[in-house]
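Residue numbers start at 1 and run along the sequence shown. Side chains included, hydrogens not; waters and symmetry mates left out as well; all remaining heavy atoms used. Counting starts at 1 for both ligands and their atoms, following the listed order. Everything numeric in this text was worked out from a predicted model, so none of it was measured.
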Amino acid sequence: MKRVITLCILSCLAGVTQAHEGAEGVIKERMDRFKENKESMKAIKANLGGDTSIIAKEALAIKAWATQMTDFFPEGSTQSPSEALPAIWENFEDFKARATANAKAAGDLADLARSGADTSALTNGLKALGKTCKDCHNDYKE
Ligand code: HEC
């Protein structure tokens, strides 16, 4: 019994430290992931008339992040240098819906790329995807 309590105290203390570091850690991590998104968008654009396997790969990377991103927004994590707006937590269901729309558009683009769609269809897919990034930034990013 005593041992259990000791373990609990240790893990509880660890939890406190982690929560504190986590506030910075999670913001840094999501900013890094969003930067990767930007690189993916560039790579997709550069390959519109080129290698569609790169388009599919990068679109799937965007989709993967879109399905996790809301977990990287613990309530109130707006500490500098974050550009996240408090509106996120006032409308968290809507914020999640924007992330879902982003995931769907990215998945659709990957499907197009894998089905041998032409450049014009791929360009439209990229535009649709870009719109879902902007839709979220307009309301939830500084
Ligand atoms: C559901 C909302 C949402 C979606 C969808 C979304 N973003 Fe963001 N994005 C944010 C928020 C919120 C921030 C600010 C994060 C922070 O600074 O803590 C951000 C930040 C960024 C940044 C700045 C990162 C930095 O280091 O300052 C870039 C670049 C970015 N997003 C690109 C994209 C691209 C490209 C897409 C689409 C493929 C996208 N985002 C989709 C909400 C979203």
Side-chain angles (χ1 to χ4, degrees), residues 3-142:
R3 183 148 178 260
V4 172
I5 293 170
T6 312
L7 281 177
C8 174
I9 290 171
L10 286 179
S11 60
C12 292
L13 284 178
V16 170
T17 330
Q18 263 167 18
H20 183 75
E21 283 171 4
E24 282 174 27
V26 83
I27 290 175
K28 185 183 181 318
E29 190 157 347
R30 74 192 182 208
M31 287 174 111
D32 287 347
R33 299 292 294 271
F34 280 122
K35 273 185 205 137
E36 286 171 23
N37 256 8
K38 195 175 160 189
E39 293 308 312
S40 292
M41 291 295 274
K42 271 194 212 159
I44 292 170
K45 202 170 172 192
N47 279 283
L48 280 175
D51 188 345
T52 51
S53 72
I54 294 178
I55 297 180
K57 180 174 151 265
E58 298 297 337
L60 289 177
I62 291 173
K63 181 182 175 185
W65 167 234
T67 57
Q68 304 165 21
M69 66 167 71
T70 56
D71 294 340
F72 288 73
F73 286 88
E75 178 137 26
S77 55
T78 55
Q79 292 83 347
S80 173
S82 173
E83 295 175 315
L85 291 176
I88 291 171
W89 298 280
E90 287 155 23
N91 313 281
F92 204 68
E93 287 307 312
D94 181 62
F95 184 68
K96 283 202 266 190
R98 312 277 178 118
T100 304
N102 183 218
K104 176 159 190 326
D108 288 349
L109 178 57
D111 288 345
L112 277 175
R114 286 186 294 197
S115 70
D118 64 16
T119 304
S120 122
L122 291 170
T123 305
N124 286 336
L126 176 61
K127 276 191 196 147
L129 173 58
K131 189 178 176 300
T132 65
C133 310
K134 276 219 185 71
D135 273 351
C136 189
H137 291 170
N138 284 346
D139 289 329
Y140 298 118
K141 178 178 170 291
E142 270 172 29

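Going from atom CD of Glu29 over to atom CG of Asp71 covers 11.0 Å, rounded to the nearest 0.5 Å.
Partners of Phe95 according to the ring pair (Phe, Tyr, Trp, His ring centres under 6.0 Å) rule, which considers only residues two or more places apart in sequence or in another chain, are Phe73, Phe92, Tyr140. Residues forming a side chain to side chain contact (heavy atoms under 4.5 Å, CB included) with Lys104 (at least two apart in sequence, or on another chain): Asp108. Scored by the side chain to side chain contact (heavy atoms under 4.5 Å, CB included) test, Ala113 finds Thr52, Ile55, Ala56, Leu122 as partners (sequence neighbours excluded).
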Output, or 'none' if empty, a list of ligand 1-protein atom pairs in which both atoms are N or O and the distance is under 3.5 Å, rounded to 0.1 Å.
residue, atom, partner, partner atom, Å
ligand 1, 7 (N), His137, NE2, 2.9
ligand 1, 9 (N), His137, NE2, 3.0
ligand 1, 17 (O), Glu83, N, 2.7
ligand 1, 18 (O), Arg30, NE, 2.8
ligand 1, 18 (O), Arg30, NH2, 2.9
ligand 1, 18 (O), Ser82, OG, 2.6
ligand 1, 31 (N), His137, NE2, 3.0
ligand 1, 40 (N), His137, NE2, 2.9

**OP:** Quick one: do Asn102 and Arg98 satisfy side-chain contact (heavy atoms from CB on, under 4.5 Å)? Show the steps, please.
**Re:** CA-CA 6 Å; Asn102 183 218; Arg98 312 277 178 118; over 6 Å; no
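Inter-residue side-chain proximity for Ser82 and Arg30 is flagged as met; some heavy-atom pair is nearer than 4.5 Å.
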